[in-house]
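When a ligand or atom number is given, it counts from 1 through the structure's own listing order.
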Amino acid sequence: MPLPLRLQPTSPVSLQTQIFEQVRAMILEGRLRPGERLPATRTLSEQIGIARNTAALAYERLTAEGYIETRSSVGTFVSFQIPESALYAASQNSPPSARKPRRAIGSPVNPTFRCQAVVNPHRGRLVADFWVGRPDPDSFPRKTWAQLIVKRLRTAGSDLTEYRAQSGLFDLRRAIADRLRPTRNIATNADEIVIVGGCQDGLSLVSRLMLGPGATAVVEQPCYQGAAFLFESFGANVVSVPVDDRGLDCSLLPDVRNAVAYVTPSHQYPLGVTLSLERRLELLAWAAETDSYILEDDYDSDFRFHGAPIAALKGLDRTGRVIYLGTFSKSLGAGLRLGYVVFPPELVERARDMKTLMNNGQPWLEQATLADFMTSGGYERHVRRIRKLYLSRRNALLAALEKHFPGGEIIGDEAGMHLAWRLPSSFPPAREIEQRAIEAGVGVYTLTSGAAVGFDTSPENDRYLVLGFSSLTEREIAAGIARLAEALAPVTDRKHRPKRLVVEC
Ligand SMILES: Cc1ncc(COP(=O)(O)O)c(C=O)c1O
């Protein structure tokens, strides 16, 4: 009988390890019974379309760890003696509901948590890579940054040798507050802000303040992995609420108390829709009624291409229920590891203490340089410049998609650094398209590869591709989509086939 393996060729985990882990899980969960015969490596490699050596290496590892045994000239079988040490690791790859948080005897490591995809496994190996959410490396204001950083270094005094305010440099907090008022309609001040190492650090900070086993974390369906997996790792009960074309469906919010609801209202991650005003008000009312907090992740709101920027949810909050997260990972770069959290006044002190407990605050020099960049007006000019650049790139992507896949259903393109493409029903699933594209040297990504998680397992999750456009030139975008169309021509409907099969790179 063929083994029901689900291999992800685009995963950073090698195929050999994926086979090893999946077969091991089948054995430990009783889906493969002691003494049961496994297919020969040749048969397995033919069934799933991999090199025979890959299958052989996976079997070798399973044999070495005692899960299977080979009887010469008879075949390969599941061992009768499963190694005891394996039992606690059984649940690592199964869905959260199936996992029991069990720890190894003698080991303090929690084996059950999952973590988000941050590093592109194909980086540098593709002709055109539509990896999501990365600023153009050439856009970083290197020259100005170098001048500002050197100036601060010269005058640093004890700033580099002392601990400074754990909630972050005052100048930077003030500059952020001054910017949030006009741009996001958030009336705040430096005292309510804590500087963190990007949104992820802010999410960790809030999770440490509010979540633990038994707590409820509400997330969007689909949701950013970095948030959902983090909440899971705290033992929270993660409840997903579907997103439609007006954002989170607030009529489906759970009837619980003291929950934390994580949302991306300006540009839902990954689908890109904007939470409607009516639903924003509904969400705020739910939080007030249930004594819950809303975690607003405003990760890419600097890039809204049409009309006035939409005010943040926090700007509508009259009852102190919204915790606002901002990051410089999108406007400047993820390498800076700088972001901020705006807390309701009653939480600020506890948040500051927790930040101290976590890491005694963020590096001083980067904070000081960024504060100077903001107060000099350089940051605002930089954002205006790259917004224009990303708008042209978004337009180039829309034009290329329309040229090669006319009438395609594109969502989330009004803002941000990526858009989502809902595939026509005549197209194969997104997973297959991603694979074909990668083989042709083009990176387009399923929701899962694009760091999103779908908590329902409906096939709908495999009908979307996400395409980032901010780090590709217009020429690269046009060439990449032409190449994609060529790669997909054999599997797409006639009407969706590219008219000219020209690869322009
Ligand atoms: C939804 C969402 N939030 C936040 C972030 C940024 O995280 P950080 O600020 O930790 O770099 C990302 C980055 O990909 C994201 O997609």
### Query
Cut-off 3.5 Å, side chains only: do Ser207 and Ser204 have a donor facing an acceptor?
no

### Query
Residues in salt bridge (Lys or Arg N to Asp or Glu O under 4.0 Å) with Arg179, at least two apart?
Asp302, Glu380

### Message
As an exercise, state the distance from NZ of Lys355 to CD of Gln166, rounded to the nearest 0.5 Å.
### Response
10.0 Å

### Query
Exactly which residues line ligand 1, taking a heavy atom under 4.0 Å from it as the test?
Gly198, Cys199, Gln200, Tyr224, Tyr262, Tyr269, Asp297, Tyr299, Thr327, Ser329, Lys330, Arg337

### Message
With rounding to the nearest 0.5 angstrom, report the CG to CD1 distance, Leu180 to Ile193.
### Response
5.5 Å

### Message
Please tell me whether Asp297 and Tyr224 have a donor and an acceptor in their side chains that are separated by less than 3.5 angstrom.
### Response
no

### Query
Ion pair present between Arg152 and Asp372, side-chain N to carboxylate O less than 4.0 angstrom?
yes

